[in-house]
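Atoms within each ligand, like the ligands themselves, are counted from 1 in listed order. We number each residue from 1, following the sequence as shown.
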Amino acid sequence: MGTISIDTHTNGFQTAQDRLQELKAFDETKTGVKGLVEAGVESLPKIFIRPPDELLEESKTPCVQLELPVIDLSGIDEKDRYSEIVKEVLKAAEEWGFFQVVNHGVPLEILDKMIEGIRLFYEQDDYVKKQFYSRDFTKQVTFLSSFDLYTSRAANWRDTLAVQTLHADLDPQKLPPMCRDVMLVYIDHVLKLADNLLELVSVALGLRPDYLKEMECSKGWSLVNHYYPACPEPELTLGASKHTDPAFLTILLQDHIGGLQVLHKNQWVDVRPLRGAFIVNIGDMLQIISNDKLKSVHHRVTANSVGPRISTAFLLKGRLSSPRLYGPIAELLSENDKPPVYTEFTLREFASSFYSRPLDEPGLGYYKVRNNGDGK
Ligand code: OGA
Ligand code: NI
């Protein structure tokens, strides 16, 4: 692999040019953060250090001991239970933008095997893994570190294996062999759960049960499989910057380590691992089409002194080639008291604006209806 010429923070000030060089050097290793850890870094390379204003702000944002709502999906086929679940989904989606689901129908064994499959991908020989390393997002399968490496203020302490069907159906042969079978089974199960959740959300919004499915919200998706190595100086960086998801809905599975936090009433709330549960959150697109009824909420992942932590997020995004215009759903608007908050856009427009900005910059504002003519 050669020596890694990445500075650590003891050397003082870093110019933009130095930073760019270090980002490139890091990117070119093609072994991600895990590669740095294996090369023995003992202090945080500068490219990962959060800017001083953020670190200062950090000390002012309290963390509170609250629990995300947990929704038990058992008995969903019984009429009374179904209405109860719909109510719980609506409440959680309005108040938190996040909830956990248990008894969701996906066997525990498949969840465990998926996490292990992801681990196998990361823990295999660098030589094989490097062949997947790429920032070409038209590829169906890519391995990389920090999607926004060159635009963000600080790189994230995590690596990602991303699988996406935004352009075409999945070609299984493109999946890494050591986790191919388990991923295919996992995707099958999660897609079924996704359809159930889209139905619950449709009904919660007062729409026909098949409304969101017919909008093709689950037709294209990204499955992002994250690996967060143990970090030598976790207080100086993040596993994932604060962000909202560029999706309709996200279905996340995390292992037992923890680190995910949700911004609730301006306080960070830890999403403590709950074995067998999926974490579900409303994404930007669902906030837009629900005309702000449901909330796409900020979340992030702290870096941790223990690890690795593994998680896998399934983001329902739709197909980018769809000619359909997405915007606030007509049935949810009324001329007098519920005017549309957002304009309409295609999914391709949405995706390109997402990839041109750092993860921690909000994307929703871009589509806001503005009456004063001051922007897009
Ligand atoms: C994401 C995400 C959280 C996690 O992939 O969008 O928020 O726990 N992941 O890895
Ligand atoms: Ni997210």
Side-chain angles (χ1 to χ4, degrees), residues 32-34 68 93 96-101 111 114-115 117-119 121-122 137 142-149 152 155-164 166 183 186-187 190 194 220-231 234 237-264 268-275 277-287 294-304 306-317 350-351 354-355 357-364:
V33 174
K34 182 168 184 291
L68 223 58
W96 284 82
F98 262 82
F99 52 94
Q100 306 215 52
V101 290
L111 307 187
M114 178 67 175
I115 297 285
I118 297 166
R119 191 186 310 281
F121 172 81
Y122 285 101
F137 298 118
T142 48
F143 158 54
L144 78 168
S145 199
S146 286
F147 290 105
D148 57 353
L149 188 67
S152 61
N156 285 163
W157 197 256
R158 77 168 169 187
D159 301 324
T160 299
L161 168 66
V163 181
Q164 56 88 7
L166 304 181
M183 273 192 182
Y186 182 82
I187 289 166
V190 173
W221 42 260
S222 295
L223 176 65
V224 284
N225 307 284
H226 306 299
Y227 188 93
Y228 301 84
C231 182
T237 191
L238 284 172
S241 311
K242 167 181 163 183
H243 68 283
T244 56
D245 287 354
F248 292 99
L249 207 65
T250 299
I251 302 174
L252 177 96
L253 173 67
Q254 63 169 338
D255 71 6
H256 60 285
I257 302 272
L260 174 63
Q261 296 183 325
V262 174
L263 196 60
H264 179 66
W268 288 112
V269 174
D270 287 317
V271 183
R272 280 196 287 172
L274 177 61
R275 183 152 162 76
F278 281 108
I279 298 149
V280 178
N281 66 289
I282 307 299
D284 295 347
M285 261 114 77
L286 200 44
Q287 174 163 346
L294 309 184
K295 294 290 179 324
S296 173
V297 165
H298 277 111
H299 52 287
R300 68 176 187 181
V301 182
T302 58
N304 212 325
V306 295
R309 168 181 187 263
I310 291 173
S311 68
T312 173
F314 193 87
L315 288 85
L316 306 183
K317 292 182 172 175
F350 189 87
F354 175 76
Y355 281 116
R357 61 169 203 270
L359 194 60
D360 62 357
E361 246 170 52
L364 281 168

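- For ligand 1, the 4.0 Å heavy-atom shell contains residues Val224, His226, Tyr228, His243, Asp245, Leu252, Leu260, His299, Val301, Arg309, Ser311, Ala313.
- Between Phe143 and Phe121, the ring centre distance stays below 6.0 Å.
- Partners of Lys34 by salt bridge (charged side-chain N to carboxylate O under 4.0 Å, His left out), not counting sequence neighbours, listed by chain and number: Glu38.
- Using a 4.5 Å heavy-atom threshold, the side chains of Val163 and Trp221 count as touching.
- Taking distances strictly below 2.8 Å, the protein N/O/S atoms close to the Ni ion (ligand 2) are His243 NE2, Asp245 OD1, His299 NE2.
- Ring planes of Phe278 and Tyr186: tilted class, angle from 30 to 60°.
- Counting heavy atoms from C-beta outward, Val271 and Gln254 have side chains that approach closer than 4.5 Å.
- His298 and His243 have their aromatic ring centers separated by at least 6.0 angstrom.
- Listed by chain and number, the residues in a side-chain contact (heavy atoms from CB on, under 4.5 Å) with Asp255 are Ile115, Ile257, Arg309, Ile310 (sequence neighbours excluded).
- The side-chain contact (heavy atoms from CB on, under 4.5 Å) test with Ile279 singles out one residue from Leu260, Leu253, Ile251, and that residue is Leu260.
- Here Asp245 contributes atom CG and Lys317 contributes atom NZ; the two are 8.5 Å apart, rounded to the nearest 0.5 Å.
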